[in-house]
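Input: a single structure, listed below in structure tokens.
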2 protein chains.
Amino acid sequence: MSELKQEALEQLKAKGIRITPQRLAIYHDLSVKRHHPTADDIYQSLKAEFPAVSTATVYNTLRYFKKEGLIREMGFGELVRFDLAEDEHYHVICETCGKIVDFHYPYLDEVEEFAAQMTGFKVMHHRLEFYGLCEDCHRKEKDRQ
Amino acid sequence: MSELKQEALEQLKAKGIRITPQRLAIYHDLSVKRHHPTADDIYQSLKAEFPAVSTATVYNTLRYFKKEGLIREMGFGELVRFDLAEDEHYHVICETCGKIVDFHYPYLDEVEEFAAQMTGFKVMHHRLEFYGLCEDCHRKEKDRQ
DNA sequence: TTAAATGCAAAGGCTTTGCAGTTGG
DNA sequence: CCAACTGCAAAGCCTTTGCATTTAA
């Protein structure tokens, strides 16, 4: 087993996740690629190693990982994508080509706190995404005019 | 026609939207109820007035309104919901019962600006939602323990 | 008048479910 | 050993599409 996969295994064990080859591969895929895959991206990638893998396994695993807090869901409206729930960060998404760029900014604790005070909710987390045009698409749009 | 519906009509006309009874009713519904309906909520509500209305009309209209900037989409992962695109505000969502509460906070212009500088994107807008427990569900959870 | 919207039905895409067989701890 | 996970197939939901008909401007 590769060193990285060994590492993924340790991380899953540490969280008390029951290990299966499929789960390990999914987690490893998410850890290494960091490309905000869709469920189908993961399914396609998994088929290389497990030709008989089923979509059910992918969806069940992703749901389970999410419940256990290992991954987060992102995506408003369009396809659901998944991201490792490690460091806090936000995403900037190009509305033309779909490119996604990670973007670090201090976690908005004060806004969460404010939300809690205004609404009486116990606020646990939030999701923030930015939308616009990436440099390439922005340039192309200007050239066209 | 009710005064409110008349008002909805003026607003649609002002935006250059072609008026149909169905569109008027959908916009009116969104204006008056402010309950962040799903497409099906709107469809159900519309059937009272137009028994023969089709889901296609609802979906097409919502897509069109969204393209024209009259409404916004909300909802991460779960069901897509719609909200009038008037005043800027954010949402706090109860993860137990699904209750949604609007919450006003200054638009995060500086964060958008920062995102633009860090990523090179032309950032046009963002979406922010808070998740947690509403007062009721929070209380019930504490009682259970 | 006519481009655009509607209703209907069918198709499509993504996700979940039931179940029998397999497996990790 | 046995609860939990897997694969497979089927079902379920939400949403979109094609087409004939109607309608707003």
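A quick note: this is a predicted structure, and the numbers were derived from the prediction, not measured. First the proteins, then the strands, lettered A, B, ... as listed; each starts at 1.
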Taking any heavy-atom pair under 4.0 Å as a contact, classify B:Ala56: base, sugar-phosphate, or nothing.
base

Applying a 4.0 Å non-hydrogen cut-off, can you work out what B:Pro51 is touching in the nucleic acid: base, sugar-phosphate, or nothing?
nothing

Within a strict 4.5 Å, meaning less than it, do heavy atoms of the A:His28 and A:Gln11 side chains meet?
no

For the residue pair A:Asp87 and A:His104, establish whether any side-chain heavy-atom pair is separated by less than 4.5 Å.
yes

So which pairs with a foot in residues 115-126 of chain A pass salt bridge (charged side-chain N to carboxylate O under 4.0 Å, His left out), sequence neighbours left out?
none

Contacts satisfying salt bridge (charged side-chain N to carboxylate O under 4.0 Å, His left out) that involve residues 53-70 of chain B (not counting sequence neighbours) are B:Lys66-B:Glu73

Length of the [atom1]-[atom2] vector between [X] and [N], whole Å:
{"X": "B:Phe50", "N": "D:dT22", "atom1": "CZ", "atom2": "P", "result": "17 Å"}
{"X": "B:Leu24", "N": "D:dT23", "atom1": "CG", "atom2": "C1'", "result": "15 Å"}
{"X": "A:Lys47", "N": "D:dC8", "atom1": "NZ", "atom2": "P", "result": "11 Å"}

Residues in side chain to side chain contact (heavy atoms under 4.5 Å, CB included) with [X], at least two apart?
{"X": "B:Leu84", "result": "B:Tyr27, B:Leu30, B:Ser31, B:Arg34, B:Ile71, B:Glu86"}
{"X": "A:Ala25", "result": "A:Lys5, A:Leu46, A:Glu49, A:Phe50"}
{"X": "A:Ala56", "result": "A:Ser54, A:Asn60"}
{"X": "B:Tyr105", "result": "A:Val111, A:Phe114, B:Tyr90, B:Phe103, B:Leu108"}

Listed in order of residue number, which residues of residues 57-68 of chain B have a non-hydrogen atom at under 4.0 Å from DNA chain C?
B:Thr57, B:Thr61

Sort and list the pairs that fulfil side chain to side chain donor-acceptor pair (under 3.5 Å) and have at least one residue in residues 110-121 of chain B, not counting sequence neighbours.
B:Tyr107-B:Glu112, B:Glu112-B:His126, B:Glu113-B:Gln117

Under 4.0 Å: is that the gap between some side-chain N or O of A:Thr20 and OP1 or OP2 of D:dT6?
yes

Result for 5'-nearest mapping on DNA chain D, choosing between B:Ala39 and B:Ile19, is B:Ala39

What pairs of donor and acceptor atoms, side-chain ones from residues 93-102 of chain A against any protein atom, are under 3.5 angstrom apart with sequence neighbours left out?
unit_1, atom_1, unit_2, atom_2, d
A:Glu95, OE2, B:His125, NE2, 3.0
A:Asp102, OD1, A:His36, NE2, 2.8
A:Asp102, OD1, A:His91, NE2, 3.4
A:Asp102, OD2, A:His89, NE2, 3.4

Taking 5' to 3' order, which nucleotide of DNA chain C is first and which is last to have an atom within less than 4.0 Å of a heavy atom in chain B?
C:dA3 to C:dC8

Has the side chain of A:Asp41 got a donor or acceptor atom that lies under 3.5 Å from a matching backbone atom of A:Thr38?
yes

Check the interface with nucleotides 2-4 of chain D: list each N/O to N/O pair with the protein under 3.5 Å, or write none.
unit_1, atom_1, unit_2, atom_2, d
D:dA4, O4', A:Arg18, NH1, 2.6

Report the end-to-end axis angle of the helix from C:dT1-D:dA25 to C:dG25-D:dC1; each axis comes from five terminal pairs, and the value is rounded to 10°.
50°

Any carboxylate oxygen within less than 4.0 angstrom of a Lys/Arg side-chain nitrogen, looking at B:Asp136 and B:Arg139?
yes

Treating Ile, Leu, Val, Met, Phe, Trp and Tyr as nodes and any side-chain heavy-atom pair under 4.5 angstrom as an edge, say whether A:Met124 and A:Leu128 lie in one connected cluster.
no

